[in-house]
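Quick notes on the structure that follows.
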Number of protein chains: 2
Amino acid sequence: MARTGDSTRTATVSALDALDFALDRGSPVPLYYQLAQQLEEAIEHGVLAPGNLLGNEIDLSVRLGLSRPTVRQAIQSLVDKGLLVRRRGVGTQVVHSQVKRPLELSSLYDDLESAGQGPTTRVLRNERIPASAEVAAALGIAEGAEVVVLERLRCTHGQPVAFLCNYLPAALLELDTERLETTGLYRMMRTAGITLHSARQTVGARSATAEEAVRLDEKEGAALLTMRRTAYDDTGRPVEYGSHVYRASRYAFDFQLLVRP
Amino acid sequence: MARTGDSTRTATVSALDALDFALDRGSPVPLYYQLAQQLEEAIEHGVLAPGNLLGNEIDLSVRLGLSRPTVRQAIQSLVDKGLLVRRRGVGTQVVHSQVKRPLELSSLYDDLESAGQGPTTRVLRNERIPASAEVAAALGIAEGAEVVVLERLRCTHGQPVAFLCNYLPAALLELDTERLETTGLYRMMRTAGITLHSARQTVGARSATAEEAVRLDEKEGAALLTMRRTAYDDTGRPVEYGSHVYRASRYAFDFQLLVRP
DNA sequence: TAGTGGTCTAGACCACAGT
DNA sequence: CTGTGGTCTAGACCACTAC
């Protein structure tokens, strides 16, 4: 009943009508991606409120001067991100969720770098050693092959938060100690052209040993959060194996899971 | 140099040539999905080994009697799963990874149900109460609105593993205590037509209180793994809020992260 | 230069939801 | 019934990679 007296088509009013999208066909960035970005922005800024219908894909493609598959590709990417829901016979609407921003997988790029303010890193060890059996198995290389071992202490507000131990195939990357203290390991890997793709993680807990207690400024027996991770690049080759220990009193993993049907 | 003396086209040999795919156009299951499933199976069974090229999409579509977009859709779904990698100018190859199976997000459907053998659940509490401020905030409902509170003790091999406390909007679902003891909560929700879509989790650790120690058969002060989670359905509405405590000596979270560019 | 994936088009028919 | 998204086709041109 809430319709405009439009003519050509039964044009249900949609919050989208007000928006105009600026698509640049000369740009190297794909059209579907430009559209997706602008839609995402509109959702974030609340121009498209949760529950709003997006208007059907055909009209949308006509209005934008795009083909329907291209519009679908844009919408699909936002559905994958969890920002939109499609319902056959109904339409596409903005998801009813207060959780809008933290959809990306964090904790893979620097665990703390982005979270705590002013994190610092002290590199305790950075050298090449032959791989132990455990490390070799995790990295899929021969036992005894050369790897870089890295031990770092991560602090925020002058207090230690985590002790990080990482192993990387020696040939992979030059690890400058100085840069490691100002940049995260993953950022360095990305800069070196290594594109991370997936990681297998195990998160557990245990009581602090005497040594760990000293290192992290905790009492012996305090609860610690532990994490073991093997990270893979986009070809599926293991590029990093890490064994981290966090002070549970000062850190927790926070992440978003997406269930794919 | 390793080519067949084929004619029509420069047909690079691919492990795929040997396979034949059975596509059923009468089936209600989409063609791209049928193809994706059979490709995935071939990869899992090792018919397509890591590093194998898939052969170009055009040839593949011709061989299968499909259009290229359809073939691409199938391949794309496996790329999304992390089983394949595409490289422009090179081709599509099977990922170099030993991690093949645990790509799905587990730990969202029953944390232990699938892992530990013979898990049992004892429902300690199952009643309707007014929502506390914390629960109301997590579920996006009014404080004091009716919610179901669930307390369960999960055991394997006769030993307690976790204490699970969950809150659900009361109108959402009928929770039969008896069925809860044999089925996971998420399975019950799925059966009730609630399709989970995403979840926000916080994983931490702390020392066991005296009460928790008794409940979980640990010593007071032992390290425990904690998890708080809000789960959302496919419209983004919160459908469950949980606060779980695991015995760190007997359980760890194990999961796979996928990085989307 | 040749071959690959990345993008895009302009249609088509179908299945499902709400009327 | 109408309108929606879901699937599919048969092409096209481009950008990148490797030779």
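All figures in this text were calculated on a predicted structure; none of them were measured in a lab. Hydrogens, waters and symmetry mates are skipped; everything else that's a heavy atom, side chains included, is used.
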*Rounding to a whole Å, what distance do you find between A/D80:CG and D/dG6:P?*
12 Å
_How many whole angstroms separate atom CZ of B/R87 from atom C1' of D/dA18?_
13 Å
*salt bridge (charged side-chain N to carboxylate O under 4.0 Å, His left out) pairs, two or more places apart, involving residues 166-175 of chain B*: B/R128-B/E174
*Any A/N56 side-chain N or O less than 4.0 Å from OP1/OP2 of D/dG3*: no
*Does the side chain of B/R86 get closer than 4.0 angstrom to OP1 or OP2 of C/dG6 through an N or O atom?*
yes
*Can you sort out the partners of B/E127 under side-chain contact (heavy atoms from CB on, under 4.5 Å), two or more places apart, ordered by chain and number?*
B/R125, B/I129, B/V149
*asked:* Would you say that A/L64 contacts A/L23 through its side chain, given a criterion of any heavy-atom pair below 4.5 Å between the two side chains?
replied: yes
*Applying side-chain contact (heavy atoms from CB on, under 4.5 Å), name anything that partners A/S61, two or more places apart in sequence or on another chain.*
A/R68, A/V71
Atom pairs under 3.5 Å: protein N/O with N/O of nucleotides 8-14 of chain C:
unit_1, atom_1, unit_2, atom_2, d
C/dC8, OP1, A/L31, N, 2.4
C/dC8, OP2, A/Y32, N, 3.3
C/dT9, OP1, A/R25, NH2, 2.4
C/dT9, OP2, A/S67, N, 2.9
C/dT9, OP2, A/S67, OG, 2.9
C/dT9, OP2, A/T70, OG1, 2.6
C/dA12, N6, A/R68, NH1, 3.2

*asked:* Suppose the criterion is salt bridge (charged side-chain N to carboxylate O under 4.0 Å, His left out): which pairs have a residue in residues 85-94 of chain A, not counting sequence neighbours?
replied: A/E57-A/R86, A/R87-B/D234
*Atom-pair distance (CD on B/Q34; C1' on D/dG6), nearest Å*: 15 Å
*Rounded to whole angstrom units, what separation is found between the CG atom of B/D59 and the P atom of C/dA2?*
17 Å
*Rounded to whole angstroms, how far apart are CZ on B/R72 and C1' on C/dT4?*
11 Å
*asked:* Could you work out, with side-chain hydrogen bond (donor to acceptor under 3.5 Å, both in side chains) as the rule, every residue matching A/N126, not counting sequence neighbours?
replied: A/T177
